[in-house]
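FYI, side chains are in, hydrogens and waters are out, and symmetry mates aren't considered; it's all heavy atoms of this structure. First the proteins, then the strands, lettered A, B, ... as listed; each starts at 1.
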2 protein chains.
Amino acid sequence: MQIDITDAADPRLADFVGLRDAQLRRGEERFIAEGLKIIERAFAAGCRPRSLLLQPRWLADLEPLLERFPDVPVYVATEKLIEKVSGFHVHRGALGSFDRPAEAGWDQLLEARRLIVCEEVVDHANTGAIIRVAAGLGWDGVLVSAGGADPLYRRAIKSSMGASLELPWRRLDGDADLARLKEAGFRLVASTLSPRAVPLKDYEAPEKLALLLGTEGSGLSDAWLAAADDHVTIPMTDLVDSLNVATAASIFAYALR
Amino acid sequence: MQIDITDAADPRLADFVGLRDAQLRRGEERFIAEGLKIIERAFAAGCRPRSLLLQPRWLADLEPLLERFPDVPVYVATEKLIEKVSGFHVHRGALGSFDRPAEAGWDQLLEARRLIVCEEVVDHANTGAIIRVAAGLGWDGVLVSAGGADPLYRRAIKSSMGASLELPWRRLDGDADLARLKEAGFRLVASTLSPRAVPLKDYEAPEKLALLLGTEGSGLSDAWLAAADDHVTIPMTDLVDSLNVATAASIFAYALR
């Protein structure tokens, strides 16, 4: 259902207002897909569209996908208007609002063999990159702690290249969920800079493994380090203080896949 | 030499004007360090300061470093003024302008055992991330092609955590430089998505290795793929089309270190 929009204050555009502010948008029952490619991934992942806001150039590409959703409003506007509504420059002007899918259930996650568990990874690009590499290298899912970035925030989806719409993930209720993983047979493997930890190349991966990654800057908390069964490190030169958390995730995910 | 600044149009601030525009600033004989940590790294790397622009809060931290440079002007201003001059929000308000150091010489690079060679990696964050992981994992240097991002652009330095000030790097004159690497005994190893390539885990690293990484989106050009001695791939699931180039660099750099 195509609707031309000429007024940035049109109340029908509420889903697309103020998209730069991740805090403002937190806890909402929908997510925003940015760009044709991510919108297509959202449809492919079976997400239910609420409305789209795009430049006319994208209508033809999206027509086959929208056939199944004749009642979904497709707001058509200029690039300038889209920028005014959303509050940022929307690269090539296409936004989709979709119902937020349910997080993965514990049943599914506890049956997995390889999980990544992020403690307060707050950067959306890092969270998306971790999910992208986990999906690409065949890991089964990702867990994020209470204060960590939302894998379905616009920029996280984008940096995951849409993988956060397909790879099972859920938010932890609290640190007690680490015990739940242990009870299900997972060995908790902490990524740490400590020189006393086992070098990654010498570490033999167990059958069921949950990789614990710490927050940007300071790494895993003492509580999570204490909860871990094994401490493993990527030996480094003294030219750098640390590796980026998504970089460490990539190396661990490859070496322990 | 501390100088209080109250006018954003002060001509003495020329080094700090319009820092958001990487193109505008290209080819200049200086680089900008952003943030106290990177400024400190620039001093530690022996770079020569031209001037600093910062909030008064940083003066005490920088005093010991500036003792050796009594003639270097230290412009002190409010956060708002710094933002107005530079054109972006300078996190915690400290900028340093330094003489651009010379690129690494071929003599040094050709003696190396492990180099990363980037073909048109245009994103500054990716370029910085590649340099950071190369430095951290003990690779000897990085080469960037003619159109690739500048490792000394502000954001590249930042995402390298300052490593691009310490790890030897240089820009290629042209594709003929690949032949120069071969003549010096390097085996050129192309990172590719091709399913016909050797899986990384089965690849035995030669004594001298230059890892070729392609541009974001389309990867290595046909010319570079043809120039490579070996084609190597990170096997992936079908949940993602590709890995980010910095992610691939991290995995290769770890596996072939």
Side-chain angles (χ1 to χ4, degrees), chain A residues 20 37-38 40-41 44-45 89 114 123 125-126 128-142 158-169 193 199-201 216-217 233-257, chain B residues 20 37-38 40-41 44-45 89 114 123 125-126 128-142 158-169 193 199-201 216-217 233-257:
Chain A
R20 280 193 71 179
K37 208 165 172 175
I38 303 290
E40 287 174 341
R41 287 251 6 205
H89 178 69
R114 290 285 179 277
D123 181 270
N126 282 340
I130 290 168
I131 290 173
R132 181 177 177 186
V133 77
L137 298 184
W139 286 56
D140 302 306
V142 169
K158 200 173 166 185
S159 83
S160 84
M161 296 291 272
S164 58
L165 299 170
E166 313 236 19
L167 189 74
W169 70 267
L193 293 173
L200 176 56
K201 72 170 169 37
E216 293 91 351
T233 193
I234 300 168
M236 285 187 302
T237 68
D238 55 9
L239 276 183
V240 303
D241 295 332
S242 66
L243 296 175
N244 166 275
V245 62
T247 298
S250 304
I251 293 170
F252 273 101
Y254 175 76
L256 304 177
R257 66 197 294 184
Chain B
R20 281 194 69 180
K37 207 166 173 176
I38 303 290
E40 287 174 341
R41 285 245 18 197
H89 178 70
R114 290 286 180 276
D123 183 89
N126 282 339
I130 289 168
I131 290 172
R132 181 177 177 186
V133 77
L137 298 184
W139 286 55
D140 303 305
V142 169
K158 199 173 166 185
S159 82
S160 84
M161 296 291 272
S164 58
L165 299 170
E166 312 236 19
L167 188 75
W169 70 266
L193 293 172
L200 177 55
K201 73 171 168 39
E216 292 92 349
T233 194
I234 301 166
M236 285 186 302
T237 67
D238 56 8
L239 274 184
V240 304
D241 296 331
S242 65
L243 296 175
N244 167 274
V245 63
T247 299
S250 304
I251 293 170
F252 272 100
Y254 175 76
L256 303 177
R257 68 198 291 185

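Within residues 249-257 of chain B, the residues having any heavy atom under 4.5 Å from a heavy atom of chain A are, by residue number, B:S250, B:I251, B:Y254, B:A255, B:R257.
Atoms CG and CE, on A:L239 and B:M161 in that order, are 13.5 Å from each other to the nearest 0.5 Å.
Contact count against chain A (heavy-atom pairs under 4.5 Å) is highest for B:R132 among B:R132, B:R41, B:K201. When each of B:A125, B:A135, B:G136 is scored by its heavy-atom pairs under 4.5 Å with chain A, the top score falls to B:G136. Counting heavy-atom pairs under 4.5 Å between each of A:I234, A:L167, A:L200 and chain B puts A:L200 at the top. When A:N244, A:L137, A:D238 are compared by the number of non-hydrogen pairs under 4.5 Å with chain B, A:N244 comes out ahead. The most heavy-atom pairs under 4.5 Å with chain B, out of A:A163, A:S242, A:S160, come from A:S242.
Only the side chain of A:D241 comes within contact range of chain B, judged by heavy atoms closer than 4.5 Å. For a residue to count as touching a neighbouring chain, one of its non-hydrogen atoms must lie under 4.5 Å from one of that chain's; by this rule A:S159 does not touch chain B.
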